[in-house]
Amino acid sequence: MFIQRLKKFLYTYPRPEREQEHQDSPEGKPLSEELSDSLELLKQSMGKNTDFVIHHLADDQESDYKVIVSYIDGLVDPLLLSKLLENLNRLKLDNLLRADKASADWLKNQLAMGNVRVICTQEDLIHSVLDGRAVIVVQGMREAFAVYIDGGSRRSVEEPSSQTVIRGPKEGFTEDIMTNIALLRRKIKSPHLTIESHVIGTYTRTNVSIAYIEGIANPEVVKEMTSRIQSIEIDGILESGYIEEMIQDGVQSPFPTIYNTERPDTVAGGLLEGLVAVFVDGTPFVLVAPVTFYRFLTSSEDYYQRFDISSFLRIVRMISFFTALLLPSIFISLTTFHQELLPMPLLISLAAQREITPLPTLVEALLMELTFEVIREAGVRMPRAIGPAISIVGALVLGQAAVQAGLVSAAVVIVVSFTAISNFALPAINFASSVRLLRFVLMIFSGSFGLVGVLGVLIPLMAHLASLESFGVPYLMPSSPFNKTNQKDQMIRAPWWKLRTRPIGIGDQNRMRQPKDKKSFAEREVGRPRDPLA
């Protein structure tokens, strides 16, 4: 008892070092009217950085400077910076100093610049410089002004590399959050599109924005998303994967409960259904939630083609999912424990191949799967000039050599190859990675217990999926719980004139997409003369 109280006292008693650190921190302290105090603060905080620049502006009649402009070279646009300095030089400093109630709007009109924000605290002064703003400090004023002129080298808008389509927009998100939000606003030109900004990370101070359509998105989901993001306490955020892992449901689940994409049209389509998007500065991947199991099997291209073709492709993806998950384990079970289920000609062919292979089927399959995973990882990490060559050499030459050497059978190579191709048919990379992980578990259980082992994994897996949720939305909806209305846009995509309502359970605030009496062109033309001259 004494030791517990001693530990509690040591952990709760404020340490002198931390008290002194808190007292020296500029957080919450107001700016001084003396320009020299603000200048000293900037030099103490940023003076050691060679890319930190301070411009001194003085009146013609006096030598003492009255206005300073501070910024970080490389984070501001040189053209806008030169325009800002030119406007300040043209502006009479006496007018600026004598302004009794100088505001951001007044300075914006005088400078003819864009976004100008008022700074009142020392913390905001330092952070505005670090965020790429040009900060204007005026003698005799307790407020400073941050001008939004950030620039520097950025990657231009290009075609997404991870989610390519044949028909559809070819533009993808970039690493700049403002560019990404602008791409979204070009898709959804509505005042109901709401953007809420937050700053996460003690050192990185990464800008994180939550986007949703007011009146369509569920307010409870928006509130829960905001609460989870605001509760994050970490020293830095470098990619949206940090946020995804910290706010997702089912942390112990192998299946993702948050969808990530680098396509603006995919995010826009999700927001129109009532989803919430999370933009993170520094990454082209945007998070979308809440999501269901079937969303990971759909592509944005499904809504740009005919409904019958899109439905066929969704069925193909579902078949690919089961193939990538179950084909190796079923092959191992049948060839090891349940040979009586195989046709006699196939059984004889497999037995002839097994005569020259020294390893069990399970070991062969695991060896080939691991080899393929190594080849895939090497193809991603290798330079682009030699990456395809490595893949061809590894997939063709190594596989053929292994069969001829008698290490593995040709049937195992065919099964592993078709399984890998089926895995590539899944649109979502994080979902395909989960299938790859579960495939190894199923292979081990099938090699140990046969089809009983496969069922022993599938039954708890289905129970787990049925209990999983994404921000309060059941993961297997509309299959579990079953909903007839949502079936129009799951495995079979109905025509657009049939998709009159948004999915139940997600966009319940405003479910109507089209008028109820909306008909297709063919339905409207019933009973009309076919001759255009009639």
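Everything numeric here is computed off the predicted structure, so don't read it as measured data.
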With Q339 via side-chain hydrogen bond (donor to acceptor under 3.5 Å, both in side chains) - residues at least two apart: none
Pairs of donor and acceptor atoms involving the side chains of residues 406-426, under 3.5 Å and at least two apart or interchain, shall be tabulated with distances.
residue, atom, partner, partner atom, Å
S409, OG, E364, OE1, 3.3
S417, OG, V413, O, 2.7
T419, OG1, V415, O, 2.7
S422, OG, F418, O, 2.9

Any chance CD of E214 has more than 12 other-residue heavy atoms, nucleotides or ligands included, within less than 6.0 Å? no
Enter the distance from I216:CD1 to L271:CG here, rounded to the nearest 0.5 Å. 9.0 Å
Would you say that R436 contacts R376 through its side chain, given a criterion of any heavy-atom pair below 4.5 Å between the two side chains? yes
Quick check: closest heavy atoms across F471 and M225, and the distance to 0.1 Å? CZ-CE, 3.5 Å
For the pair R317 and D302, evaluate salt bridge (Lys or Arg N to Asp or Glu O under 4.0 Å) and give the outcome as yes or no after the intermediate values. CA-CA 12 Å; R317 295 192 197 106; D302 295 347; 3.0 Å; yes
No-hydrogen, no-angle side-chain donor-acceptor test under 3.5 Å, R354 and T357: yes
Between R263 and E301, is there a side-chain N and carboxylate O pair less than 4.0 Å apart? no
Report the residues that fulfil salt bridge (Lys or Arg N to Asp or Glu O under 4.0 Å) with R513, sequence neighbours left out, ordered by chain and then residue number. E273
So, S240 side chain and F285 main chain: donor-acceptor pair closer than 3.5 Å or not? yes
How far does CG of D176 sit from CG of D150, to the nearest 0.5 angstrom? 7.5 Å
Extract all donor-acceptor atom pairs below 3.5 Å that involve side chains of residues 441-449 and protein atoms in other chains or at least two apart in sequence.
residue, atom, partner, partner atom, Å
S446, OG, S329, O, 3.4
S446, OG, L442, O, 3.0
S446, OG, M443, O, 2.8
S448, OG, I444, O, 2.9

I'd like to know whether the aromatic ring centres of F296 and F321 sit less than 6.0 Å apart in this structure. no
Who pairs with P478 by side chain to side chain contact (heavy atoms under 4.5 Å, CB included), at least two apart in sequence or on another chain? Y294, N483, N486, Q487, Q490
Relative to the ring of W496, is the ring of Y303 parallel (under 30°), tilted (30 to 60°) or perpendicular (over 60°)? tilted
side-chain hydrogen bond (donor to acceptor under 3.5 Å, both in side chains) against R186, all qualifying residues, sequence neighbours excluded: none
Donor-acceptor pair, E175 side chain versus R155 backbone, under 3.5 Å? no
Flag side-chain contact, heavy atom, 4.5 Å: K187 against L193: no
Pair T266-Q163, side-chain donor/acceptor within less than 3.5 Å: no
Tell me, do D489 and P503 make a side-chain contact under 4.5 Å, heavy atoms counted? no
For V278 and V286, what are the C-alpha separation, side-chain angles and deciding distance, and is it a side-chain contact (heavy atoms from CB on, under 4.5 Å)? CA-CA 6 Å; V278 179; V286 176; 5.7 Å; no
With the side chain counted from C-beta on, respond yes when L184 and F279 share a heavy-atom pair under 4.5 Å apart, and no when they do not. yes
Step by step, work out the side-chain contact (heavy atoms from CB on, under 4.5 Å) result for R185 and I195. CA-CA 10 Å; R185 287 199 176 274; I195 308 294; 3.4 Å; yes
When rounded to the nearest 0.5 Å, the distance separating CD1 of I229 from CG of L287 is 8.0 Å
Criterion side-chain contact (heavy atoms from CB on, under 4.5 Å) on R493 and T298, from CA distance to verdict: CA-CA 10 Å; R493 184 181 79 80; T298 61; over 6 Å; no
Between F431 and F293, what is the ring plane arrangement, given parallel below 30°, perpendicular above 60°, and tilted in between? perpendicular
Which is it for R295 and L275 under the side-chain contact (heavy atoms from CB on, under 4.5 Å) test, yes or no, and what are the steps along the way? CA-CA 12 Å; R295 180 167 291 274; L275 305 184; 3.6 Å; yes
